[in-house]
Amino acid sequence: MEAIHGWTATETARRVRGRDVSAREVTEAALARMAAVNPALNAVVQPLESEAREAAAAVDAALARGEEPGPLAGVPVTVKVNVDQAGCATTNGLRLQANHRAEVDNPVVANLRKAGAIILGRTNTPAFSVRWFTDNALHGATYNPHNKGLTPGGSSGGAASATAAGIGAIGHGTDIGGSIRFPAYACGIHGLRPTLGRIPAWNPSLPERDIGGQLMAVSGPLARSIADLRLALAAMSEFDPRDPWWVPAPLEGPPVPRRVALCVRPDGMEVEPAVEKALRDAAARLRDSGWEVEETDTLPPLREPARLQAQLWLALLPRGGMALVEREAEPAALAVHQHMAKLCPPPDLAAFQDALTARAGFLRQWNLFFQNYPVVLMPVCGRTPFPDQLDTQGFEAFQGIIEAQLPQVGLPLLGLPGLAVTTGAVGVGVQLVAGRYREDLLLQAGEALAPEPISPVDPAWV
């Protein structure tokens with residue numbers, strides 16, 4: 001029988017609600033796992049042992065009174081350090097924000113608490129949450145539990161590393177350009193980027209985000225089973241009036257044909273042989289599960305949406321963003337911002353307006369495509385997980401990374417949902433994409449690709 005820390009969120013909630021095990025016992029097992037493996041990983045940079053024990057006691061007390069404890073009753077989770085959690089520092093990996101304290105929970109954190117989840121601690125992110133590698137001058141580096149020489153991904157690298165190692169069953173992440181999907185891929189678990197407006201989020205302690213961030217950044221779950229992503233999505237997406245982008249869309253949409261478009265090389269991008277093999281194996285699994293799969297070389301555009309995504313994001317640099325990066329003086333973050341500005345200079349007002357205007361046309365093309373193919377199967381990345389800190393090796397290395405990450409960067413401009421599914425060993429995974437608010441289709445297809453939970457990995461060097 002698997003140790004308690006290796007239980008899925010679904011199993012944990014069922015056992016706690018059934019009084020087979022107490023939330024306190026589950027929490028103690030999770031805290032023991034964190035104490036055993038986190039020193040090697042540095043995934044959780046702010047453990048919250050006392051708070052976790054208090055939350056577990058509250059769940060057990062509610063059950064003893066015969067009250068509804070919530071769908072995530074007793075489930076250990078982690079929260080990323082770039083969202084507000086009352087009493088904690090919203091550092092975003094920055095020394096400049098080391099002493100910043102939130103007084104009120106971000107809606108996504110509030111929803112996790114309302115669902116009965118037990119927050120074990122706060123997970124690491126690169127400075128400014130801008131890299132696909134997780135390291136910063138405040139909290140240090142986070143490591144991939146499968147291989148210390150590979151990136152754990154970013155920016156939700158701490159969440160992915162922790163979840164893969166069994167520090168919690170669900171990791172909260174954020175995604176503006178692959179920051180959930182790539183860490184899941186790199187650490188051998190699953191990660192869901194939901195549709196814009198599906199999960200309410202907002203940091204009360206920080207200034208309002210620029211429109212680019214508002215349109216493209218979302219919160220979402222990472223987990224070791226697809227069923228846990230489904231459970232987490234339902235809990236995290238509860239209404240909160242503080243997010244004006246939230247949409248009351250049903251979690252289950254109308255029936256559609258079980259038809260998938262396989263695209264191995266979106267927009268002609270290069271992919272490694274291992275990536276192509278994973279995609280073709282996934283297509284075969286879907287066919288065996290009753291899905292119709294048709295290969296195509298042509299999808300609606302991703303390359304131009306990716307460029308416009310960068311334009312909208314970089315628009316904040318001349319208005320104080322770059323000055324903040326320079327004040328933080330974190331070398332990798334500074335270099336990445338400079339590389340991005342070189343590839344795509346910050347736009348003037350006309351270019352900014354043109355990017356917002358073009359967004360509607362690209363989304364229209366994708367919406368029409370989904371009428372014929374409700375699900376798209378494509379790479380998470382054109383390459384297997386990068387050597388750690390590869391983006392610090394100069395502009396040419398960064399260019400190669402950006403090209404490989406095309407399937408991740410183009411989608412956020414459109415607000416579309418994407419699911420990274422691990423289908424084998426670490427770095428063997430694929431991405432599923434569907435229309436807005438059709439996460440249900442992604443999860444259905446994901447369950448066909450990965451029907452069994454993934455066991456927690458023990459860091460090989462411990």
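In this text the structure is predicted, and so the values were computed from the model without any measurement.
- Shortest non-hydrogen contact noted between P194 and S219 is CG-O, 3.0 Å.
- The closest side-chain heavy-atom distance from T423 to D281 is not below 4.5 Å.
- One distance of note links CG of N42 with CG of N38; it measures 6.5 Å at 0.5 Å rounding.
- With salt bridges taken as basic N to acidic carboxylate O contacts below 4.0 Å, none links E270 and R383.
- Considering CE of M236 and CD1 of I199, their distance stands at 4.5 Å, rounded to 0.5 Å.
- One distance of note links CZ of R307 with CG of L312; it measures 10.0 Å at 0.5 Å rounding.
- Q389 and R131 share a donor-acceptor pair across their side chains, judged by distance under 3.5 Å alone.
- A 4.5 Å side-chain heavy-atom check between T151 and T134 finds every atom pair outside the cut-off.
- Side-chain N/O atoms of D84 and T90 include a donor and acceptor closer than 3.5 Å.
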query = Would C344 and L314 count as a side chain to side chain contact (heavy atoms under 4.5 Å, CB included) if you check the C-alpha gap in whole Å, the side-chain angles of each, and the deciding distance to 0.1 Å?
reply = CA-CA 8 Å; C344 182; L314 292 170; 4.1 Å; yes
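- Within the 4.5 Å cutoff, no side-chain heavy atoms of T78 are placed close to those of M34.
- Counting only N and O atoms by type, the side chains of S225 and H190 include no donor and acceptor under 3.5 Å apart.
- Looking at residues two or more places apart in sequence or on another chain, you find no ring-ring contact (aromatic ring centres under 6.0 Å, His included) involving W202.
- Using a 3.5 Å distance cut-off with no hydrogens or angles, the side chains of T8 and E11 do not pair a donor with an acceptor.
- Under 4.0 Å is where a charged nitrogen must lie from a carboxylate oxygen, and between R230 and E447 at least one such pair does.
- A donor-acceptor contact under 3.5 angstrom links the side chains of N136 and N124, judged on distance only.
- In this structure the side chain of D60 never reaches within 4.5 angstrom of the side chain of E25, judged on heavy atoms.
- In this structure, the side chain of E68 engages the main chain of G70 through a donor-acceptor pair within 3.5 Å.
- In terms of modelled atom types and a separation under 3.5 Å, the side chain of N92 and the main chain of N82 share no donor-acceptor contact.
- Listed for the T357 side chain is a donor-acceptor partner under 3.5 Å among the backbone atoms of Q353.
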task = Run the numbers on Y437 and V247 for side chain to side chain contact (heavy atoms under 4.5 Å, CB included), then give the verdict.
result = CA-CA 9 Å; Y437 308 107; V247 174; 3.1 Å; yes
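- Around the CG atom of D297, the shell of radius 6.0 Å holds no more than 12 heavy atoms that belong to other residues, nucleotides or ligands.
- A283 and L377 get closest at one heavy-atom pair: N-CD2, 3.8 Å.
- Under a 3.5 Å cut-off, the side chain of R33 and the backbone N or O of A165 do form a donor-acceptor pair.
- Nearest heavy atoms, P204 versus R242: CG-NH1, 3.9 Å.
- The shortest distance between side-chain heavy atoms of M340 and W313 falls below 4.5 Å.
- Checking D228 against T10 by side-chain atom types alone, a donor-acceptor pair falls below 3.5 Å.
- With values rounded to the nearest 0.5 angstrom, M378 atom CE is found 9.0 Å from D267 atom CG.
- Scored by the ring-ring contact (aromatic ring centres under 6.0 Å, His included) test, F362 finds no partners at all (sequence neighbours excluded).
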Give every donor-acceptor pair under 3.5 Å between a side-chain atom in residues 249-263 and any protein atom, sequence neighbours left out.
from, atom 1, to, atom 2, distance (Å)
R258, NH2, S289, O, 2.8
R259, NH1, N372, O, 2.7

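- Of all heavy-atom pairs between L72 and A235, the closest is CD1-CB, 3.7 Å.
- Under the 3.5 Å distance criterion, with hydrogens and angles disregarded, a donor-acceptor pair is assigned to the side chains of K80 and S155.
- The line from CD of Q431 to CG of L442 is 9.0 Å long, rounded to the nearest 0.5 Å.
- Residues L215 and L356 form a side-chain contact, since some pair of their non-hydrogen atoms from C-beta on lies under 4.5 Å apart.
- Pairs passing the salt bridge (Lys or Arg N to Asp or Glu O under 4.0 Å) check and including a residue from residues 355-368, sequence neighbours excluded, do not occur.
- Side-chain N or O atoms of S237 include one that pairs as donor or acceptor with a backbone N or O of L233 at under 3.5 Å.
- D243 places a side-chain N or O within 3.5 Å of a backbone atom of W245 that can act as its donor or acceptor partner.
- Within the 4.5 Å cutoff, the side chain of L48 has no heavy atoms near those of the L120 side chain.
- Taking the six-membered ring for Trp and the full ring otherwise, the centers of W246 and F239 sit less than 6.0 Å from each other.
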message = Evaluate L449 against W291 for side chain to side chain contact (heavy atoms under 4.5 Å, CB included), listing each step before the verdict.
response = CA-CA 11 Å; L449 295 178; W291 291 75; over 6 Å; no
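- Atoms NE2 and OG1, on H172 and T163 in that order, are 11.5 Å from each other to the nearest 0.5 Å.
- Two rings, from F133 and F182, have their centers 6.0 Å or more apart.
- Salt bridge status for R265 with E276: present, with a side-chain N to carboxylate O gap under 4.0 Å.
- Between A450 and T422, the shortest heavy-atom contact is CB-O, 3.8 Å.
- For residues 162-187, the salt bridge (Lys or Arg N to Asp or Glu O under 4.0 Å) pairs, not counting sequence neighbours, are D175-R181, D175-R193.
- Between the side chains of W7 and E2, no donor N or O sits under 3.5 Å from an acceptor N or O.
- The nearest pair of heavy atoms linking G153 to A186 is N-CB, 3.9 Å.
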Could you tabulate the donor-acceptor pairs under 3.5 Å formed by side-chain atoms of residues 396-415, not counting sequence neighbours?
from, atom 1, to, atom 2, distance (Å)
E403, OE1, R303, NH1, 2.8
E403, OE2, R303, NH2, 3.2
Q405, OE1, Q408, NE2, 2.6
Q408, NE2, V380, O, 3.0

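- Side chain of H5 to main chain of G166: no donor-acceptor pair is present (N/O by atom type, distance under 3.5 Å, no hydrogens or angles).
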request  = Show your working on side chain to side chain contact (heavy atoms under 4.5 Å, CB included) between R209 and I176 and close with a plain yes or no.
outcome  = CA-CA 12 Å; R209 299 191 77 162; I176 195 173; 4.2 Å; yes
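- Side chain of D105 to main chain of Q85: no donor-acceptor pair is present (N/O by atom type, distance under 3.5 Å, no hydrogens or angles).
- Counting heavy atoms from C-beta on, the side chains of V26 and I118 never come closer than 4.5 Å.
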